[in-house]
Amino acid sequence: MDGKLTVPLGKVLHYEHMGYETIHEKDWRLTFQRGRLVAQRTYQNRVGWMPDEEFVAQLHRAINWSSIPEQPAASCRVLVEFSPDSTGKHCRVLIRRGCGNPYNAVALLAAQQVARRNWGATYHFGRWRPMKWTAPVNFSEENRRKYARR
């Protein structure tokens, strides 16, 4: 039997519900040839900062609410994607799904402001792993009251 066997070790740093993309603190990789162990290596993994509820609140607080017209009963939702680079110090921001201007432009500007942070980089099996995070920006009168600068 030839092949590789990976044994995850330690805490889960990033969970993915599909496939084998969950990242643990370490991975122990065993390599076999003709049924014999010929190599083994342990990888120390690292996951950069991940957006949370407070990040989404910061994103909404960064919105210039005075540049947005009052909302009808239905709200407008823009999905913003954040993609940190291999250093974790720079982050590409783009609109993944929008609802037209001025909402898209205002959401993009706010996202660019909050993206100026050290995201950290994610490494899995000794290699940089590109990660993307999507955050919603909900334009509603409720959020205007909650997050608008006074």
Side-chain angles (χ1 to χ4, degrees), residues 3-31 40-150:
K4 295 181 181 183
L5 174 66
T6 300
V7 180
L9 303 169
K11 295 178 187 175
V12 172
L13 301 177
H14 174 73
Y15 174 75
E16 284 289 331
H17 64 280
M18 295 181 64
Y20 299 94
E21 299 296 319
T22 295
I23 300 174
H24 290 79
E25 289 176 311
K26 295 180 183 180
D27 284 297
W28 183 29
R29 176 151 299 161
L30 307 166
T31 304
Q40 59 182 312
R41 182 170 179 188
T42 301
Y43 295 92
Q44 182 73 38
N45 299 316
R46 182 175 80 205
V47 173
W49 180 84
M50 294 185 290
D52 54 15
E53 289 180 28
E54 177 54 31
F55 178 78
V56 174
Q58 288 173 3
L59 181 56
H60 281 85
R61 284 192 293 271
I63 296 289
N64 180 1
W65 289 95
S66 64
S67 66
I68 301 296
E70 286 191 25
Q71 289 297 116
S75 64
C76 170
R77 181 174 165 177
V78 176
L79 295 179
V80 182
E81 182 179 276
F82 298 87
S83 302
D85 68 4
S86 62
T87 67
K89 294 179 181 160
H90 304 285
C91 187
R92 183 178 60 120
V93 179
L94 59 93
I95 301 297
R96 184 51 59 200
R97 185 172 26 155
C99 55
N101 281 325
Y103 306 103
N104 294 358
V106 171
L108 185 61
L109 184 61
Q112 289 167 339
Q113 289 173 15
V114 298
R116 294 184 190 125
R117 61 176 305 122
N118 186 348
W119 289 75
T122 299
Y123 283 87
H124 194 205
F125 293 113
R127 293 188 199 145
W128 170 64
R129 178 172 167 198
M131 301 290 280
K132 294 180 181 177
W133 311 104
T134 303
V137 179
N138 294 307
F139 292 96
S140 66
E141 287 308 305
E142 178 184 348
N143 279 346
R144 182 192 304 269
R145 287 187 296 277
K146 187 174 179 181
Y147 296 112
R149 297 178 202 125
R150 294 181 169 112

Practice problem: Scan residues 90-116 for pairs that pass ring-ring contact (aromatic ring centres under 6.0 Å, His included), counting only residues two or more places apart or in two chains. | Solution: Tyr103-Phe139

Practice problem: Taking side-chain contact (heavy atoms from CB on, under 4.5 Å) as the test, write out the residues that go with Thr22, two or more places apart. | Solution: Val12, Tyr15, Glu16, His24

Quiz prompt | Atom of Cys99, atom of Val78 and distance for their closest heavy-atom approach | solution = SG-CG2, 3.8 Å

Quiz item: Judged by atom type as modelled, is there a donor-acceptor pair below 3.5 Å linking the side chain of Arg41 to the main-chain atoms of Thr31?
Solution: no

Quiz prompt | Residues forming a side-chain contact (heavy atoms from CB on, under 4.5 Å) with Glu53, sequence neighbours excluded | solution = none

Quiz item: Just how far is it from atom CD1 of Ile63 to atom CG of Leu109, taken to the nearest 0.5 Å?
Solution: 8.5 Å

Quiz prompt | Considering all heavy atoms, the nearest Asn104-Ile95 contact | solution = O-CD1, 3.8 Å

Practice problem: Quick one: list whatever passes side chain to side chain donor-acceptor pair (under 3.5 Å) with Arg96, sequence neighbours left out. | Solution: Glu81

Quiz item: How far apart are the closest heavy atoms of Pro84 and Cys91, and which atoms are they?
Solution: N-SG, 3.8 Å

Quiz item: Where is the tightest heavy-atom contact between Val93 and Ala115, given as atom of each residue plus distance?
Solution: CG2-CB, 3.6 Å

Self-check item: Side chain proximity check, Ile23 to Arg46, heavy atoms < 4.5 angstrom
Solution: no

Self-check item: side-chain contact (heavy atoms from CB on, under 4.5 Å) evaluation trace for Gln58 with Arg117
Solution: CA-CA 12 Å; Gln58 288 173 3; Arg117 61 176 305 122; 4.1 Å; yes

Practice problem: Can you sort out the partners of Arg77 under side chain to side chain donor-acceptor pair (under 3.5 Å), two or more places apart, ordered by chain and number? | Solution: none

Quiz prompt | Residues that Ser66 engages under side-chain contact (heavy atoms from CB on, under 4.5 Å), provided they are two or more places apart | solution = Asn64

Quiz item: What residues, two or more places apart in sequence or in another chain, satisfy ring pair (Phe, Tyr, Trp, His ring centres under 6.0 Å) together with Trp49?
Solution: Phe55, Trp119

Practice problem: Could you tell me which residues satisfy side-chain contact (heavy atoms from CB on, under 4.5 Å) with Ala62, sequence neighbours excluded, listed by chain and number? | Solution: Ala110, Gln113, Val114

Which pairs would a plain distance check flag for residues 123-133, meaning a side-chain donor or acceptor within less than 3.5 Å of a matching protein atom at least two apart in sequence or in another chain?
unit_1 : atom_1 : unit_2 : atom_2 : d
Tyr123 : OH     : Ser86  : O      : 3.3
His124 : NE2    : Asp27  : OD2    : 3.1
Arg129 : NH1    : Glu21  : O      : 3.0
Arg129 : NH2    : Glu21  : OE1    : 3.0

Quiz prompt | side-chain contact (heavy atoms from CB on, under 4.5 Å) between His14 and Met50, worked out | solution = CA-CA 9 Å; His14 174 73; Met50 294 185 290; 3.5 Å; yes

Quiz prompt | Residues in side chain to side chain donor-acceptor pair (under 3.5 Å) contact with Glu25, at least two apart in sequence or another chain | solution = none

Self-check item: salt bridge (Lys or Arg N to Asp or Glu O under 4.0 Å) contacts touching residues 54-65 (sequence neighbours left out)
Solution: Glu54-Arg61

Quiz item: How far does CZ of Arg29 sit from OG1 of Thr42, to the nearest 0.5 angstrom?
Solution: 11.5 Å

Practice problem: State, to 0.1 Å, how close Leu13 and Asn45 come at their nearest heavy-atom pair, and which atoms those are. | Solution: CD1-O, 3.8 Å

Quiz item: What closest approach, in Å, do Leu59 and Ala135 show between heavy atoms, and which atom pair accounts for it?
Solution: CD2-CB, 4.0 Å

Quiz prompt | Test side chain to side chain donor-acceptor pair (under 3.5 Å) applied to Thr87 - qualifying residues, sequence neighbours left out | solution = Asp85

Practice problem: Starting from the C-alpha separation in whole Å, work towards a yes-or-no answer on side-chain contact (heavy atoms from CB on, under 4.5 Å) for Glu70 and Glu141. | Solution: CA-CA 7 Å; Glu70 286 191 25; Glu141 287 308 305; 3.8 Å; yes

Quiz item: CG of Asn138 to CZ of Arg144: how many Å apart, nearest 0.5 Å?
Solution: 13.5 Å

Self-check item: Trp28 side chain to Leu5 backbone, donor-acceptor under 3.5 Å
Solution: no

